[in-house]
Chemist: 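Dropping a structure here in structure tokens format, bear with me for questions.
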Amino acid sequence: DAGVIQSPRHEVTEMGQEVTLRCKPISGHDYLFWYRQTMMRGLELLIYFNNNVPIDDSGMPEDRFSAKMPNASFSTLKIQPSEPRDSAVYFCASSPGTVNTEAFFGQGTRLTVV
Amino acid sequence: RKEVEQDPGPFNVPEGATVAFNCTYSNSASQSFFWYRQDCRKEPKLLMSVYSSGNEDGRFTAQLNRASQYISLLIRDSKLSDSATYLCVAIRDDKIIFGKGTRLHILP
């Protein structure tokens, strides 16, 4: 298995534009997590899914952020409209049957909003 | 106050030395604990789980103290390749909560 695949690896966009980040989890993993990492705040859990269903989105900063998981092999995190303070590295991670096991991270998307 | 807290460091340690750092968690309902390692501009990767009885993996030893609500990581005979950020993780109610990490620099 190729591991968790995220795209794009880097994204530079102008303030106000829509940004869509994509994630393909490891096949067979039931949990999918979206994290945001900044120097100031560290690694923050934004939302996670279990069997494609959003379980906890309390970490989503505001209504500009939305996440979907239409099937077991694909998830998106969308920011609309984007703002400079959204600049961060966004990681997707997946985990097998129970969350009390190892989470495997993708390489991340480095987002810069100018 | 963040739910999982770590000393950000950096810890600058000579090669071959032993280094230890702690992580505290505020929610007593936390069920499972892990240490992850993150290299510069890379993704976090699991280093080891932390068991109540303590556990060892080669040069690495992890301990859990539920009474005082902290976990620790000890690295013996440190190598240059141990330079990284070490992230403490607590799991509560199926949520994986990361600390901000402790930066470790091993000096030649």
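Being a predicted model, the structure only gives us computed values, none of them experimental. Proteins come first, then strands; the chains are lettered A, B, ... in the order of their sequence lines, and each starts at number 1. Side chains included, hydrogens not; waters and symmetry mates left out as well; all remaining heavy atoms used.
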Chemist: Do any of residues 67-80 of chain B have a heavy atom less than 4.5 Å from a heavy atom of chain A, and if so, which, in residue order?
Modeler: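 Contacts with chain A: none.
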Chemist: Is there a side-chain contact between Lys100(B) and Arg41(A) (heavy atoms, below 4.5 Å)?
Modeler: no
Chemist: Would you check if the side chain of Tyr36(B) reaches a backbone N or O of Ala103(A) as a donor-acceptor pair within less than 3.5 Å?
Modeler: yes
Chemist: Flag yes if more than 12 heavy atoms outside Glu62(A) fall under 6.0 Å of its CD atom; otherwise flag no.
Modeler: yes
Chemist: Linking I/L/V/M/F/W/Y whenever their side-chain heavy atoms sit closer than 4.5 Å, directly or via other members, would Tyr86(B) and Leu107(B) fall into one cluster?
Modeler: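 No, Tyr86(B) and Leu107(B) fall in different hydrophobic clusters.
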Chemist: Select, from Gly106(A), Gly59(A), Gly108(A), the one with the greatest count of heavy-atom pairs under 4.5 Å involving chain B.
Modeler: Gly106(A)
Chemist: Under 4.5 Å from any heavy atom of chain B, what part of Thr38(A) do you find: side chain, backbone, both or neither?
Modeler: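 Neither part, no heavy atoms under 4.5 Å.
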Chemist: Determine whether the aromatic ring centres of residues Phe98(B) and Phe105(A) are separated by less than 6.0 angstrom.
Modeler: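 Ring centres of Phe98(B) and Phe105(A) closer than 6.0 Å.
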Chemist: Does any heavy atom of chain B fall under 4.5 Å from the side chain of Leu45(A), the backbone, both, or neither of them?
Modeler: side chain
Chemist: Grab the two heavy atoms, one from Phe91(A) and one from Gln38(B), that are nearest each other, plus how far apart they are.
Modeler: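 Smallest interatomic distance, heavy atoms only, reads CZ-NE2, 3.8 Å.
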Chemist: Residues in salt bridge (charged side-chain N to carboxylate O under 4.0 Å, His left out) with Arg9(A), at least two apart?
Modeler: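 Partners of Arg9(A) under the salt bridge (charged side-chain N to carboxylate O under 4.0 Å, His left out) test: none.
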Chemist: Count I, L, V, M, F, W, Y as connected when their side-chain heavy atoms are under 4.5 Å apart, and connections chain through other members. Are Ile47(A) and Leu32(A) then in the same cluster?
Modeler: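 In one cluster with Ile47(A): Leu32(A), yes.
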Chemist: My understanding is that only one of Tyr48(A), Tyr35(A), Tyr31(A) makes a side-chain contact (heavy atoms from CB on, under 4.5 Å) with Ile96(B); could you say which?
Modeler: Tyr35(A)
Chemist: Please round to the nearest 0.5 Å and tell me the distance separating atom CD1 of Ile55(A) and atom NZ of Lys95(B).
Modeler: 12.0 Å
Chemist: For atom CZ of Phe74(A), is the number of surrounding heavy atoms from other residues, nucleotides or ligands below 6.0 Å larger than 12?
Modeler: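 Enclosed: over 12 neighbouring heavy atoms sit under 6.0 Å from CZ of Phe74(A).
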Chemist: In the hydrophobic clustering (ILVMFWY, side-chain contacts below 4.5 Å, transitive), which residues join Ile5(A), or is it alone?
Modeler: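 Grouped by the 4.5 Å side-chain rule, Ile5(A) forms a cluster of one, so the answer is none.
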Chemist: Any link between Phe34(B) and Leu104(B) through a network of hydrophobic side chains (Ile, Leu, Val, Met, Phe, Trp, Tyr) touching at under 4.5 Å?
Modeler: no
Chemist: Can you tell me which portion of Phe33(B) sits under 4.5 Å from chain A's heavy atoms? Options are side chain, backbone, both or neither.
Modeler: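 Contact with chain A involves no heavy atom of Phe33(B) at all.
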Chemist: I need the contact set between residues 42-49 of chain B and chain A: heavy-atom distance under 4.5 Å, sorted by residue number.
Modeler: Lys42(B), Glu43(B), Pro44(B), Leu46(B)
Chemist: Count I, L, V, M, F, W, Y as connected when their side-chain heavy atoms are under 4.5 Å apart, and connections chain through other members. Are Tyr25(B) and Trp35(B) then in the same cluster?
Modeler: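 Same hydrophobic cluster.
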Chemist: Do other residues, nucleotides or ligands put more than 12 heavy atoms under 6.0 Å from Asn71(A) CG?
Modeler: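 Yes.
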Chemist: Would Leu43(A) end up clustered with Ile91(B) when hydrophobic side chains under 4.5 Å apart are linked, directly or stepwise?
Modeler: yes
Chemist: Side chain, backbone, both or neither: which part of Gln37(A) has a heavy atom under 4.5 Å from chain B?
Modeler: side chain
